[in-house]
Amino acid sequence: MSTAWFNRALLPWYREHKRALPWRETRDPYRIWLSEVILQQTRVDQGLAYWLRFVERYPTVAHLAKAPEDAVLKLWQGLGYYSRARNLRTAAQQVVNDHGGVFPADYARLKGLKGVGEYTAAAIGSIAFGLVEPVVDGNVYRVLARVFGIATPIDSTEGRKEFRALAATLIDHQHPGDHNQAVMELGATVCTPRNPRCGDCPFAPRCIARGTGRIAELPVKAGKATVRVRHFNYLHIRTAKGTYLQKRTGKDIWQGLYELPLIETERAASKVLLSRSLDKLAPGGWIIEKRSGTVVHLLSHQRIETIFWEVVPPKRWKVPKEWLAVTSNMLNAFAVPRLIERYLNGAVTG
DNA sequence: AAGCCGTGGCG
DNA sequence: TCGCCAAGGCT
């Protein structure tokens, strides 16, 4: 896949829109490293004052290496993730003791510093030393997922691999540092998680997510699956032969379990709406005797809002062939979801 | 690999 | 209001 258009659009946009930030005015790896650690999981607005204070108090990595841990933590106070501050001091000592006081200029040795992971090593390497190392942070995931329409979960091993590979094909070999910062800047200021400003985006004409109306769905995170709300209406039908059950089939929850006959609706069903659905099952003559309150059943990824309806079918009608009449003493022989079990127990006793 | 680590801003 | 999210890394 040719991706030259990506950099043709990206770098001009960046030169026009990049924010003036003090760590962008230097190629001192110490100051760049400081900014990268401070900005881990932290917004520029929050981290800027801390960076200024650190640079003033500890102008070089040697100064930081000599500082007491308590002093570093005090300067870090309020910024959160305090292991970053402890690791910061440790890494400064590593630079002094293991690298002669000079920041290492290769990816592997950068990553060997305490608190410097894949992202930070690539950021320092590309920005301070011009190494062709793609960064993949939260901004990059979001921008690439949307522009290229990638739905692979970003918090999966497969997803991390896929996005890293794509970022590697995209990175500008002449300006790796600017390229990396440009993608992040775009993600931070234009391609934001909510309400992205697509009107200001250089990729808008080519953005897959925008073209297919999936901006809000990308990037995908597997960890916290979005909870889908569904509306179930269960029919409690008592006849001389017993209560009707049916078996759940198909690619859905509770596969293979039994339940009361189900009518799923788009929204919470009213009596009128349910009547219409019942008429489709068999025309005319249904009597709705009782409507339960809404029972909410929570699954990891679904919220099932349930209404149990006691109904009486028409005098003469064709019972769906997948329904089976079960006598009350046989009901507990069938595997049913907890939702159904609780209802049936309540319906019998109360 | 999945859980933990903090705080502030946002809709 | 409250859950999500933010220039991640460590264990």
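Numbered from 1 within each chain, the chains take letters A, B, ... in sequence-line order.
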Measuring from the side chain of A/L39 (C-beta onward, heavy atoms only), which nucleotide among C/dA7, C/dC10, C/dA6 has the closest atom? C/dA7
So CD1 of A/I215 and CD1 of A/I208: to nearest 0.5 Å the spacing works out to 12.0 Å
Examine the side chains of A/N87 and A/R84 and answer whether a donor and an acceptor come within less than 3.5 Å of each other. no
Atom CG in A/D200, atom CD in A/E16: separation rounded to 0.5 Å? 11.0 Å
Flag yes if more than 12 heavy atoms outside A/R316 fall under 6.0 Å of its CZ atom; otherwise flag no. no
Rounded off to whole Å, could you give me the CH2-to-C1' distance for the A/W33 and C/dG9 pair? 14 Å
Nucleotide by nucleotide, nucleotides 6-11 of chain B touches protein heavy atoms under 4.0 Å in the pattern (B base, S sugar-phosphate only, - none) BSBBBS
So, is A/K111 close to the C/dG8 phosphate, meaning a side-chain N or O under 4.0 Å from OP1 or OP2? no
Which part of the nucleic acid does A/Q181 contact within heavy-atom distance under 4.0 Å: base, sugar-phosphate only, or nothing? nothing
Any side-chain heavy-atom pair from A/P313 and A/I237 closer than 4.5 angstrom? yes
Give a yes/no on whether any side-chain N or O of A/T120 is located under 4.0 angstrom from OP1 or OP2 of C/dG9. yes
Which of parallel (below 30°), tilted (30 to 60°) and perpendicular (above 60°) describes A/F308 and A/Y343? parallel
When you compare C/dA6 with B/dA1, how far apart are their P atoms, in angstrom units rounded to a whole number? 22 Å
Report the stems of DNA chain B as range-with-range entries sorted by first number; a stem here is at least three consecutive pairs, Watson-Crick or G-U wobble, both distances under 3.5 Å, and write none if there are none. B:2-5 with C:8-11, B:7-11 with C:2-6
Whole-Å distance separating the CZ atom of A/R142 from the P atom of C/dC4: 16 Å
Rounded to whole Å, please give me the gap between OH in A/Y119 and P in C/dA6. 13 Å
Mind checking the C1' distance from B/dG6 to C/dG3? Whole angstroms is fine. 16 Å
Got a donor-acceptor contact below 3.5 angstrom from the A/T60 side chain to the A/H63 backbone? yes
Closer than 3.5 angstrom, by distance alone: can the side chain of A/T26 be matched with the main-chain N or O of A/W23 as a donor-acceptor pair? no
Write down the protein N/O and nucleotide N/O pairs, taken from nucleotides 1-3 of chain B, whose separation is under 3.5 Å; answer none if there are no such pairs.
from: B/dA1; atom 1: OP1; to: A/T157; atom 2: OG1; distance (Å): 2.9

Check every strand shown and say whether A/V135 touches a base, only sugar-phosphate, or nothing at a heavy-atom separation below 4.0 Å. nothing
Judged by nearest nucleotide, the residue sitting upstream toward the 5' end of DNA chain C, A/A121 or A/P193, is A/P193
Atom pair distance, as rounded to whole Å: NZ in A/K221 and C1' in C/dG3: 12 Å
Roughly, in whole Å, what's the span from CZ in A/R164 to P in C/dG8? 13 Å
Separation of atom CD1 in A/I124 from atom P in C/dG8, rounded to whole Å: 13 Å
If only atom types and distance count, is the side chain of A/Y50 paired as donor or acceptor with the main-chain N or O of A/Q77 below 3.5 Å? yes
Could you tell me how the ring of A/F203 sits relative to the ring of A/F6: parallel (under 30°), tilted (30 to 60°) or perpendicular (over 60°)? parallel
No-hydrogen, no-angle side-chain donor-acceptor test under 3.5 Å, A/Y234 and A/E259: yes
In whole Å, measure the gap between the C1' atoms of B/dA2 and C/dA7 for me. 23 Å
A/W33 ring center within less than 6.0 Å of A/F129 ring center: no
By nearest nucleotide on DNA chain C, pick out whichever of A/G115 and A/M184 is the more 5' one. A/M184
In whole angstrom, what separates A/L144's CG from C/dA7's P? 13 Å
Can you tell me how far C1' of C/dG8 sits from CD of A/E36, to the nearest Å? 11 Å
Short question: side chain of A/R142, backbone of A/G187 - any donor-acceptor pair under 3.5 Å? yes
